[in-house]
Number of protein chains: 2
Amino acid sequence: MKGAEHAGITPQLIADPEGSPGFRPLYKQVRDLLTRRLADGFWAPGAMLPSEQELAATLSVSQGTVRKALDAMAAENLIVRRQGRGTFVAQQDDERVLFHFFRMTGDDGSHVFPESEVESVRPGTAGTAEAEALGLDPDTPVLRILRTRSLGGRPVIAECLTLPARLFPGLEDRRDLPNNLYGLFADQYGISIARASERLKAVGADRDAARRLELSEGAPLLAIERTAFSVMGDPVEWRLSLCATEGFHYVSEMR
Amino acid sequence: MKGAEHAGITPQLIADPEGSPGFRPLYKQVRDLLTRRLADGFWAPGAMLPSEQELAATLSVSQGTVRKALDAMAAENLIVRRQGRGTFVAQQDDERVLFHFFRMTGDDGSHVFPESEVESVRPGTAGTAEAEALGLDPDTPVLRILRTRSLGGRPVIAECLTLPARLFPGLEDRRDLPNNLYGLFADQYGISIARASERLKAVGADRDAARRLELSEGAPLLAIERTAFSVMGDPVEWRLSLCATEGFHYVSEMR
DNA sequence: TAGTGGTCTAGACCACCAT
DNA sequence: TGGTGGTCTAGACCACTAG
């Protein structure tokens with residue numbers, strides 16, 4: 001069959017301009033369309049998507065094209081495909097979040113589970129660094145969460161998170177913020193974290209960090225600055241984590 | 001066409017056992033076969049592979065199956081595909097190595113190019129940590145390379161590399177080891193680095209590191225322990241890098 | 001213009017899962 | 001047993017590159 005046969009059949013799909021410059025593969029259009037639906041909460045986290053056949057029929061596209069779009073989305077961890085069962089919206093459950101976004105591991109290779117103690121949740125306005133990282137205007141309202149995380153019962157991570165207040169209304173009034181914040185973001189605010197970028201440095205502990213982590217001032221700490229992005233690619237969270245790395249390390253895979 | 005039609009046509013491909021347990025997709029067999037050829041130096045780095053059509057005919061497999069195998073290998077950075085030109089063996093040129101395996105960046109986002117000064121190349125025998133990381137028996141002959149790397153003219157990284165001596169004969173007699181060692185490994189020893197795993201910690205500078213990096217003893221340093229793997233997945237290099245992170249940081253992307 | 005990888009389709013069959 | 005994703009094939013056309 002010819003590649004352009006489907007032109008204009010489905011309104012959501014751009015009828016191939018077919019002029020060399022504006023060419024956009026069909027499967028990418030399908031991927032973007034489905035990603036947009038996902039971001040808009042059209043399907044709830046954990047929900048099953050329509051089958052490939054069904055999507056193909058709805059979108060007037062071949063099953064192979066839908067498959068390629070779904071494969072791309074699975075590679076971006078937006079959906080999960082299970083042979084024999086179906087395709088599901090990725091959930092921010094503990095295992096997934098820990099696996100994808102928590103890179104601290106015991107020196108013996110053991111996977112460790114962090115416990116969190118929230119010290120405060122306070123409204124404020126974005127400083128220059130926060131504004132730049134989150135793509136906000138300076139002085140935009142933000143929320144700041146201070147918490148200390150423990151590994152194996154020892155306080156090991158002191159961190160401060162900054163969130164755009166607009167995206168998380170009422171969050172400062174909540175009690176008992178969960179250990180897995182990304183699950184809360186997804187389930188209560190419809191915001192799924194899809195990707196994050198971290199910058200690491202070695203620094204000496206300041207007075208506050210030394211107190212919270214029960215170390216002496218100047219002790220070497222791993223400083224991790226993270227910006228987290230939503231499914232649509234917008235920055236949604238910025239955090240600074242100060243980690244004691246005695247008995248633990250940060251893992252980075254490169255391929 | 002039926003999936004099993006090709007059974008036994010090509011001796012290199014296992015005639016599908018087709019019993020549920022030992023099932024192995026054709027395209028994975030093709031991928032493994034081509035990966036093996038790559039590791040054996042059947043094609044030189046930078047060389048062009050046969051076209052999809054040609055490979056398909058040779059292996060008695062459809063073009064789509066070859067394509068899927070090649071796509072998988074491209075995702076593993078073993079080959080590079082260029083529309084209109086062909087498929088090429090990945091090269092360990094400076095840009096690629098820097099892009100894939102050097103994660104230090106200037107705080108202003110500028111990509112920095114490290115200069116290396118080799119202090120010594122010495123034969124020895126593997127200690128327990130080295131033996132474990134490299135999958136060697138203790139006391140196996142190894143080579144150790146000590147070097148200091150500079151960013152923007154400032155000595156910033158003090159590192160020690162350990163290599164199995166068996167894989168790199170005569171390396172200790174070379175003069176002027178290049179900055180890009182992986183290029184040397186590939187071009188002179190037929191060993192391409194395909195993947196690496198790093199463990200990061202914050203530590204205080206010891207006397208030696210302090211001297212080499214012109215810092216005071218106890219200054220916080222980023223300690224990076226890397227194990228690098230060949231195309232076939234065997235550990236080939238182990239290194240410990242101590243990095244001063246004033247003005248620089250380590251980047252980690254998570255998706 | 002010829003050759004390469006990239007996209008799209010159509011249809012068959014297989015492996016896996018729930019029922 | 002029926003439905004889902006996964007594999008494999010076959011063939012057409014498109015976009016890109018080089019000579």
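Side chains included, hydrogens not; waters and symmetry mates left out as well; all remaining heavy atoms used.
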A/Gln63 has an atom CD; how far is it from atom P of C/dC8, in whole Å?
-> 15 Å
With respect to the side chain of A/Thr65, which nucleotide from C/dC8, C/dG6, D/dA10 is positioned closest?
-> C/dC8
Return the nearest nucleotide to the side chain of B/Glu52; candidates are C/dT4, C/dT7, C/dG6.
-> C/dG6
Between C/dG6 and B/Arg81, is there an OP1 or OP2 to side-chain N/O distance shorter than 4.0 Å?
-> yes
May I have the distance from B/Tyr27 (atom OH) to D/dT9 (atom C1'), rounded to whole angstrom?
-> 16 Å
How long is the line joining CG of B/Leu70 and C1' of C/dG5, in whole Å?
-> 10 Å
Distance check: side-chain N/O of B/Thr87 vs OP1/OP2 of C/dT4, anything under 4.0 Å?
-> no
Would you classify A/Arg82 as touching base, sugar-phosphate or nothing, given that sugar-phosphate means primed atoms plus P, OP1 and OP2, and contacts are heavy atoms under 4.0 Å?
-> sugar-phosphate
Whole angstrom value for the distance that separates C1' of D/dC8 from CG of B/Asp71 | 15 Å
Under 3.5 Å, is there a donor-acceptor pair linking the side chains of A/Tyr182 and A/Ser192?
-> no
Between D/dC8, D/dA15, C/dA10, which nucleotide gets closest to the side-chain atoms of B/Ser62?
-> D/dC8
Name the orientation class of the two ring planes belonging to A/Tyr189 and A/Phe168 (parallel below 30°, tilted from 30 to 60°, perpendicular beyond 60°).
-> perpendicular
Can you tell me the distance, in whole Å, between the CZ atom of A/Phe23 and the C1' atom of C/dT7?
-> 6 Å
Would you tell me whether A/Tyr250 and B/Ser252 have side-chain atoms, one donor and one acceptor, within less than 3.5 Å of each other?
-> yes
Would you say D/dC8 has OP1 or OP2 under 4.0 Å from some side-chain N or O of B/Lys68?
-> no
Donor-acceptor pair under 3.5 Å, A/Arg85 side chain vs D/dG3 base | no
Please confirm whether A/Arg81 makes a cation-pi placement over A/Phe88, using NZ or CZ under 6.0 Å from the six-membered ring centre and within 45° of the ring normal.
-> no
Considering only heavy side-chain atoms of A/Gln83, the closest of D/dG5, D/dA15, D/dT9 is D/dG5
